[in-house]
Enquirer: 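Just passing along the structure, written as structure tokens.
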Amino acid sequence: MRAIVLDQIAGPLAVREVGEPQVPADGVVISVVATGLCRSDWHAWAGHDDIALPHVPGHEFAGVVASIGPGVTKWRVGDRVTAPFVEGCGACEWCLAGNAQVCPDQQQPGFTHWGSFAGQVVIHAADTNLVAVPDGVSFEAAASLGCRFATAYRALTGRAALKADEWVTVIGAGGVGLSTVMIAKALGAKVIAVDRNTAALEVAERLGADHVLVADGSDIPAQVHALTGGSHVSVDAVGSEQTCADALLSLRRRGRHVQIGLLPPVEGHPRVPMARVIAWELDVFGSHGMAAADYPGMLALIESGTLEPQKLIERVIGLEEAAGMLPRLDTANVAGMTMIDPTR
């Protein structure tokens, strides 16, 4: 099969023929129809995750079951499926409680093993981790769910317990940030979107953001407080010392912050305004994807038409173009989601 292959950390990516994966006893092999290009893939390329070389990136995808291990009971060849980017083991106390996203023995395609920037990808513990894609949901829309939409949905519902009419400040209007905007609006909240990229903010407005703010060095928290009196919920969908601080400082007293963007200690561990967290009794949550067991609520919003993830897809590209784009993701001013068609 054709795949994007990384041979050296932060090195060039090549598209070449590699061997097809073997199906695990408890897993499946999926023929990839659509897979998303995400900033988390850039973190793996840059060496912020522990990966074994050579490596195939890619962690959010949808496709068709191509082969099934003997221990799989719930799935058949030809099923339309997607999966969260975290694969729980299916047997530990966290998986059995429906929290596979924090399984201590988790697998992650595109990180712990070869991912979806290829013709096929493996999913372990398929009976725990696979999600059926309804016929009315496109493969491209389904591929957006495994990382960005699922992470945003759990961040707002399972972690921040967002209520209708509350204010949400979303720092970062890339894929996960725009997903957060869309889900917050679908849940009846009011949204401020913040980004340095004005094109991305235009997309956020089109998707329903009530206000947009340009991150141009001005005092973002002061502008949020002037508009709202302080947000009830803030989300850092970028992952930097500045964006985390701006998100926290945008909150009102007793507000809730959710950290989605990764904060790698590239220049030492980031400084966070903990004095404000303590004095204003702010709640700070991490959010690490969402278990397959929690997908029904999100899929119900999609099937009802309240949430339309396909609106986030700005472009569909092939493997070669994706191989050139991935190393530039940290600096590219790209609005919306980029979807990869491995057959191109």
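The basis for the numbers below is simple: all heavy atoms, side chains too, and nothing from hydrogens, waters or symmetry mates.
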Enquirer: What heavy-atom pair brings D165 and K190 nearest, and what distance separates the two atoms?
Expert: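 In terms of heavy atoms, the two residues are closest at O-CE, 2.9 Å.
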Enquirer: Assess, by modelled atom type and distance only, whether the side chains of H124 and N129 contain a donor and an acceptor separated by less than 3.5 Å.
Expert: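 On atom types as modelled, these side chains do not qualify, holding no pair under 3.5 Å.
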Enquirer: Evaluate whether atom CH2 of W94 has more than 12 neighbouring non-hydrogen atoms of other residues, nucleotides or ligands under 6.0 angstrom away.
Expert: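 Open: at most 12 neighbouring heavy atoms sit under 6.0 Å from CH2 of W94.
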Enquirer: Side chain of D127, backbone of T73: donor and acceptor closer than 3.5 Å?
Expert: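 Yes, the answer is positive, given that a donor and an acceptor are paired below the 3.5 Å cut-off.
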Enquirer: Would you say the side chain of V224 lies within less than 4.5 Å of the side chain of W167, judging by non-hydrogen atoms?
Expert: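 In short, these two side chains do not touch, never coming nearer than 4.5 Å.
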Enquirer: Just how far is it from atom OG of S138 to atom CZ of R80, taken to the nearest 0.5 Å?
Expert: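 It is 8.0 Å, given to the nearest 0.5 Å.
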Enquirer: Quick one, L130 with I30, criterion side chain to side chain contact (heavy atoms under 4.5 Å, CB included). Give me CA distance, side-chain angles, the key distance, then yes/no.
Expert: CA-CA 10 Å; L130 278 189; I30 296 169; 3.8 Å; yes
Enquirer: Do other residues, nucleotides or ligands put more than 12 heavy atoms under 6.0 Å from Q22 CD?
Expert: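 No - once you tally the heavy atoms of other residues, nucleotides and ligands closer than 6.0 Å, there are 12 at most.
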Enquirer: Assess whether atom CG of D50 is packed by more than 12 heavy atoms of other residues, nucleotides or ligands within 6.0 Å.
Expert: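 Not more than 12 within 6.0 Å, no.
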Enquirer: Return the CG to NZ distance between L178 and K311, rounded to the nearest 0.5 Å.
Expert: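 That separation rounds to 13.0 Å.
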Enquirer: Keeping the roles fixed (side chain from Q259, backbone from G261), state whether a donor-acceptor pair exists under 3.5 Å.
Expert: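 Side chain of Q259 to backbone of G261, a donor-acceptor pair under 3.5 Å: yes, one is there.
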Enquirer: Just so I know, are the side chains of I51 and L6 near enough to count as touching, which here means a heavy-atom distance under 4.5 Å?
Expert: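 Yes, their side chains come closer than 4.5 Å.
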Enquirer: Please name the residue in the list V5, V32, V15, I4 that meets the side-chain contact (heavy atoms from CB on, under 4.5 Å) test with F117.
Expert: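 Filter result, single survivor: I4.
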Enquirer: Hey, are the side chains of L145 and Y153 touching, using non-hydrogen atoms and a 4.5 Å cut-off?
Expert: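 Not touching, per the 4.5 Å side-chain cut-off.
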Enquirer: Spell out, yes or no, whether F139 and Y295 are grouped together once hydrophobic residues are joined by side-chain heavy atoms under 4.5 Å, including indirect joins.
Expert: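 Shared cluster, no.
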Enquirer: Could you tell me the separation between the CD1 atom of I340 and the CG atom of L37, rounded to the nearest 0.5 Å?
Expert: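 It comes to 5.0 Å.
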Enquirer: Between T338 and E314, does the side chain to side chain contact (heavy atoms under 4.5 Å, CB included) criterion hold? Intermediate values first, please.
Expert: CA-CA 6 Å; T338 298; E314 294 287 328; over 6 Å; no
Enquirer: So do K185 and L207 actually touch side chain to side chain, heavy atoms under 4.5 Å?
Expert: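 No, their side chains stay 4.5 Å or more apart.
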Enquirer: Applying the 4.5 Å side-chain criterion to the ILVMFWY set and letting contacts propagate, would V137 and M298 be lumped into a single cluster?
Expert: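 Yes: a chain of side-chain contacts under 4.5 Å links V137 to M298.
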Enquirer: Start with the C-alpha distance between R16 and D7, add both sets of side-chain angles, then the distance that settles side chain to side chain contact (heavy atoms under 4.5 Å, CB included), and finish with yes or no.
Expert: CA-CA 12 Å; R16 62 174 184 255; D7 293 303; 2.9 Å; yes
Enquirer: Backbone N or O of H288 within a donor-acceptor pair of the R154 side chain at under 3.5 Å?
Expert: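 Flag not set: sc R154 to bb H288 has no pair under 3.5 Å.
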Enquirer: The test is salt bridge (charged side-chain N to carboxylate O under 4.0 Å, His left out); show your working for R256 and E166 and say whether it passes.
Expert: CA-CA 11 Å; R256 294 103 69 197; E166 287 189 318; 2.9 Å; yes
Enquirer: Hydrophobic clusters here meaning ILVMFWY residues chained together by side-chain heavy-atom distances under 4.5 Å, can you tell me if M274 and L249 are in one?
Expert: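 Shared cluster, no.
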Enquirer: May I ask you to decide if V316's main-chain N or O and R344's side chain share a donor-acceptor pair within less than 3.5 Å?
Expert: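 Judged by distance alone, yes, a pair lies under 3.5 Å.
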Enquirer: A204 and V212: which non-hydrogen atoms are nearest, and at how many Å?
Expert: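 Heavy-atom minimum between the residues: CB-CG1, 4.4 Å.
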Enquirer: Side chain to side chain contact (heavy atoms under 4.5 Å, CB included), that's the test. Do Q101 and N99 meet it? Break it down for me.
Expert: CA-CA 5 Å; Q101 77 281 353; N99 290 308; 3.4 Å; yes
Enquirer: What closest approach, in Å, do T180 and V176 show between heavy atoms, and which atom pair accounts for it?
Expert: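 Looking at all heavy atoms of both residues, the closest pair is OG1-O, 2.7 Å.
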Enquirer: Indicate the atoms forming the closest heavy-atom contact of A3 with V18, along with that distance.
Expert: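 It is CB-CG2, 3.8 Å.
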Enquirer: L307 and V235: same hydrophobic cluster, using ILVMFWY side-chain contacts below 4.5 Å?
Expert: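 Hydrophobic grouping puts L307 with V235.
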Enquirer: Verify, without hydrogens or angle tests, whether R253 (side chain) and E281 (backbone) share a donor-acceptor contact under 3.5 angstrom.
Expert: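 Such a contact is absent between R253 side chain and E281 backbone.
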Enquirer: Keeping the roles fixed (side chain from R39, backbone from L262), state whether a donor-acceptor pair exists under 3.5 Å.
Expert: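 No, the answer is negative, given that no donor and acceptor are paired below the 3.5 Å cut-off.
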Enquirer: When rounded to the nearest 0.5 angstrom, what distance separates CG in D49 from OG in S40?
Expert: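 D49 atom CG to S40 atom OG measures 8.0 Å (nearest 0.5 Å).
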Enquirer: Do D236 and H257 have side-chain heavy atoms sitting under 4.5 Å apart?
Expert: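 The answer is yes; the side chains approach within 4.5 Å.
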Enquirer: Does the side chain of P270 come within less than 4.5 Å of C244's, by heavy atoms?
Expert: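 Not in contact.
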Enquirer: Give me the atom names and distance for the closest heavy-atom approach of Q223 to S218.
Expert: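 Q223 and S218 have their closest heavy atoms at NE2-OG, 2.9 Å.
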Enquirer: Can you check whether G11's main-chain N or O pairs, donor with acceptor, with W45's side chain at less than 3.5 Å?
Expert: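 Checked: pair present.
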Enquirer: Does the side chain of W114 come within less than 4.5 Å of H55's, by heavy atoms?
Expert: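 They are in contact (side-chain heavy atoms under 4.5 Å apart), so the answer is yes.
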Enquirer: Do the side chains of L156 and V170 join up, straight or via other hydrophobic residues, at under 4.5 Å, putting them in one cluster?
Expert: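 Yes, same cluster.
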Enquirer: Below 4.5 Å, heavy atoms only, C-beta onward: do L312 and R148 meet side chain to side chain?
Expert: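 No, side chains not in contact.
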Enquirer: I'd like to know if the side chain of S31 and the backbone of Q120 have a donor-acceptor N/O pair within less than 3.5 Å.
Expert: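 Not at all, since once roles are kept as given, no pair shorter than 3.5 Å links the two residues.
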Enquirer: Counting distance only, does the side-chain N/O of D210 pair as donor-acceptor with the main-chain N or O of V191 below 3.5 Å?
Expert: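 Pair found, side chain donor or acceptor close to backbone of V191.
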Enquirer: Rounded to the nearest 0.5 Å, how far does OG1 of T169 lie from CG of L248?
Expert: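 One finds 11.5 Å between CG of L248 and OG1 of T169.
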Enquirer: Is a side-chain N or O of H59 found less than 3.5 angstrom from the main chain of P109, in a donor-acceptor match?
Expert: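 Pair absent, no side-chain N/O of H59 close to backbone of P109.
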Enquirer: Specify whether H43 and H48 have parallel, tilted or perpendicular ring planes, treating 30° as the upper limit for parallel and 60° as the lower limit for perpendicular.
Expert: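 Aromatic pair H43/H48 classed tilted.
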Enquirer: Give me the atom names and distance for the closest heavy-atom approach of V168 to S231.
Expert: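 Of all heavy-atom pairs spanning V168 and S231, the closest is C-OG, 4.0 Å.
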